[in-house]
Amino acid sequence: MSTPRQLTRAELAIDPIDAAKLLLGCVLEAGDVRVRLAEVEAYRGIDDPASHCYRGRTPRNEVMWGPAGHLYVYFVYGMHFCANVVSLTDGVAGAVLLRAGEVVAGLDVARSRRPAARSDAELAKGPARLTSVLGLDRGDNGVDLTDPASPVRLYAGDPVPPASILAGPRVGVAVAMEVPWRFWVDGSPAVSGYRRGGKRRVRTVR
DNA sequence: ATGAGGATCCTCT
DNA sequence: GAGGATCCTCATA
């Protein structure tokens, strides 16, 4: 396999829904580990109630408002990290959550980081598992994925035929269920299952 | 200063 | 399929 092409900031400075489809099949690299993305979710800015940016700019979501092609990492549930690729551009929030992928290099390291995985397909099957396999954490928040010198980089992969891209509601969110902004590669063993959003109180109208 | 609620995962049953 | 782990972030006061 020849040296893959690194993605550019300009090609990621698009609507997160388009960026999500573009990212499928692309490869994220950190250290010795490479993951080929199989499942992603688009999050928009202030018009998306499920987005971290829905209520405006805060210290946590700062990176999402910045330039495209940077990594937005956040901490959830007191123990996990999730990673996003920032899309759109300065001043307009948008990002794509990296939900799952297939480990295509660094299998031994990946396995050692995920002792609970029962198969290689499970290594990066889920957003927190994906960050875990790549060794990403708080310190990687904001890194430029389009810079060859960055510790985490994003490369183009074999293109995914549009017919192989499926869409559905986002996982684990209890609002905006009607928008099919989760995209995945049909048939990929790494795609995580759908799970409805938890306990959001449904306000009873009277 | 406080408290509620997570873009999850793992271990059981 | 349910429940717990675990702590950060933000809104409210």
**OP:** With DNA chain B as reference, determine whether A:A116 or A:V171 sits nearer its 5' end, using the nearest nucleotide of each.
**Re:** A:V171
Original post:
For A:W184, which fellow cluster members are found when Ile, Leu, Val, Met, Phe, Trp and Tyr are connected by side-chain heavy-atom distances below 4.5 angstrom, either directly or through intermediates?
Top reply: A:L166, A:V191
Original post:
Taking ILVMFWY side chains as joined if any heavy atoms are under 4.5 angstrom apart, and letting links pass through other members, which residues group with A:Y54?
Top reply: none
Under 3.5 Å: donor-acceptor pair, side chain of [X], backbone of [Y]:
X      : Y      : answer
A:E62  : A:R57  : no
A:R34  : A:A105 : no
A:R129 : A:K125 : yes

Subject >> Paired stretches of DNA chain C - 3 or more consecutive Watson-Crick or G-U pairs, each distance under 3.5 Å >> reply: B:1-6 with C:7-12, B:8-12 with C:1-5
Original post:
What is the nucleic acid contact for A:A128, judged by heavy atoms within less than 4.0 Å: base, sugar-phosphate only, or nothing?
Top reply: sugar-phosphate
**OP:** Just call it for A:R114: base, sugar-phosphate, or nothing, with non-hydrogen atoms closer than 4.0 Å on any strand.
**Re:** sugar-phosphate
**OP:** Sugar-phosphate means primed atoms, P, OP1 and OP2; the rest is base. With that split, encode nucleotides 3-10 of chain C 5' to 3' as B, S or - using protein heavy atoms under 4.0 Å.
**Re:** --BBBSSS
Subject >> Pairs involving residues 78-103 of chain A, ordered by first then second residue, that meet ring pair (Phe, Tyr, Trp, His ring centres under 6.0 Å) (sequence neighbours left out) >> reply: A:F75-A:F81
Subject >> Residues in salt bridge (charged side-chain N to carboxylate O under 4.0 Å, His left out) contact with A:R118, at least two apart in sequence or another chain >> reply: none
Subject >> Qualifying residue for side-chain hydrogen bond (donor to acceptor under 3.5 Å, both in side chains) with A:Y155, from A:E29, A:R5, A:R36 >> reply: A:E29
